[in-house]
Amino acid sequence: MKMNSPHRRFNPLTNEWVLVSPQRTQRPWLGQVEKTPQEHLPRYDPNCYLCPGNARAGGVKNPHYDATFVFDNDFAALIPDAGENETAFAPHTAPLLRAEPMPGKCRVVCFHPRHDLTLSLMTTPEIETIIHTWTRETNSLGALEYVNYVQVFENKGAAMGASNPHPHSQIWASRQIPNEPALEFFAEEKYSLESDGCLLCDYLRVERERGERIVSVNEQFTVIVPYWAVWPFEVLLLSNRHCGALADLNAREVTALADILKKLTTRYDNLFQVPFPYSMGFHQTPTDGSAYPAHHFHAHYYPPLLRSASVRKFMVGYELLAMPQRDLTPESAAERLRELSEVHYSSQA
Ligand code: H2U
Ligand code: ZN
């Protein structure tokens, strides 16, 4: 079904609408051009604060690690002692000035000792090691008395504000469930109460029947440009089986997740033949001790690029003031991603 006229689409996970304006894709671009990412990085950079053996801010030295390496973020946004007793948090007479302490902990996960690699260039077993590290960290952070939700995410590329090309991700763990997952858990719960099914299991079934927004599949995972995608090449990565968190994955699923992460990031790099920038993260069941049977494990990828390595999409104007909008349809984006090879351009003849 082709939709050529302006319309809005509903995101059932966040209860928000996105405006789709397919008639607008031909408009000229005289705006900002992004710098293309630096290619040919060294295997080891003596100035990188994530490379093995180098010093970080504050002088702590990284060990000579040979797989993954995890440390407490030296500039953590969340800390365990969030000043519970500060008088500023005491209930007062101005209910519109509401604040509360948000204790937590931030960790940094180096994926690999090599400075020049990305997930797309690593082997599947290397990516499995990263998944095991994320799982372990989620479990140990989630077990902390002041942690109820663990957010694993990767900011990749200068265009997404990543401070360093060394392959790494971050983990922020907090007492409160942050806005985005909170909206999703609420929507999933409501859907399951009303329809007696799982929102994302049902959605996956519809998308697999239609096929037009599917990007990549293996036995255990499916990558879709969601019907309600906001970013041009946004995707949703879903487990085929209903489960809630990394810790629920069996050995075959971990291997399959590594496989699909490599395939997806390879397609992304092949799109404009550059190391493709994005923010991605997993939405896992909260660790507050309650059961979340309606939650379906998934990852979101939000890449900023629009039509070349140097033209990005800006969320400005109408999007800041009214609602998000896209020109390229999710179906066209999926078609473009689907056509690409799962062999990385750097190793193609
Ligand atoms: P980003 O590239 O996504 O910004 O992640 C890098 C993180 O590493 C960032 O949160 C931390 C920053 O606070 N960092 C350290 O913990 N130690 C350092 O020496 C530099 C950066
Ligand atoms: Zn490095």
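Just so it is clear, the values below take in all heavy atoms, side chains as well, and ignore hydrogens, waters and symmetry mates. Atoms within a ligand are numbered from 1 in the order they appear, just like the ligands themselves. A quick note: this is a predicted structure, and the numbers were derived from the prediction, not measured.
In this structure, CG on Asn148 lies 7.5 Å from OG on Ser174, to the nearest 0.5 angstrom.
Legend: ring pair (Phe, Tyr, Trp, His ring centres under 6.0 Å) pairs involving residues 118-137, not counting sequence neighbours, sorted by first then second residue: Phe111-Trp134, Trp134-Phe282. Judged as a salt bridge (Lys or Arg N to Asp or Glu O under 4.0 Å), the pairs with a partner in residues 217-232 (not counting sequence neighbours) are, in order, Glu219-Arg252.
Of all the atoms in ligand 1, the ones that sit under 4.0 Å from a non-hydrogen atom of Ser163 are 1 (P), 2 (O), 4 (O), 5 (O), 6 (C). Heavy-atom contacts of Ala162 reach the following atoms of ligand 1: 2 (O) (cutoff under 4.0 Å). Close approach to Val108 involves these atoms of ligand 1, each under 4.0 Å from a residue heavy atom: 8 (O).
Using bins of under 30°, 30° to 60° and over 60° for the plane-to-plane angle, the ring pair His283/Tyr149 lands in the tilted bin.
Considering Thr123, Thr129, Thr124 in turn, Thr123 is the only one that fulfils the side-chain hydrogen bond (donor to acceptor under 3.5 Å, both in side chains) rule with Glu126.
For atom 10 (O) of ligand 1, the closest non-hydrogen atom of the protein is Asn73 ND2, 2.8 Å. Nearest protein heavy-atom contact of atom 5 (O) of ligand 1 is Gln170 NE2, 2.9 Å. The single protein non-hydrogen atom nearest to atom 16 (O) of ligand 1 is Asp74 N, 2.7 Å, given as residue, atom name and distance.
The closest approach between Glu154 and ligand 1 stays at or above 4.0 Å for every heavy atom of the residue.
The residues Glu194 and Lys190 are annotated as salt-bridged, a charged nitrogen and a carboxylate oxygen being separated by less than 4.0 angstrom. Using a 4.0 Å cut-off between charged nitrogen and carboxylate oxygen, Arg267 and Glu339 do not count as a salt-bridge pair.
Applying the salt bridge (charged side-chain N to carboxylate O under 4.0 Å, His left out) rule to Arg208 yields no partners; only residues at least two apart in sequence or on another chain are considered.
Protein N/O/S atoms nearer than 2.8 Å to the Zn ion (ligand 2) total 4.
The N/O atoms of Ala57, backbone and side chain alike, include one that comes under 3.5 Å of an N/O atom in ligand 1.
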- Message: Set out, in order, the CA-CA distance, both residues' side-chain angles and the distance that settles salt bridge (Lys or Arg N to Asp or Glu O under 4.0 Å) for Asp74 and Arg56, then state yes or no.
- Response: CA-CA 8 Å; Asp74 299 307; Arg56 300 202 308 273; 2.8 Å; yes

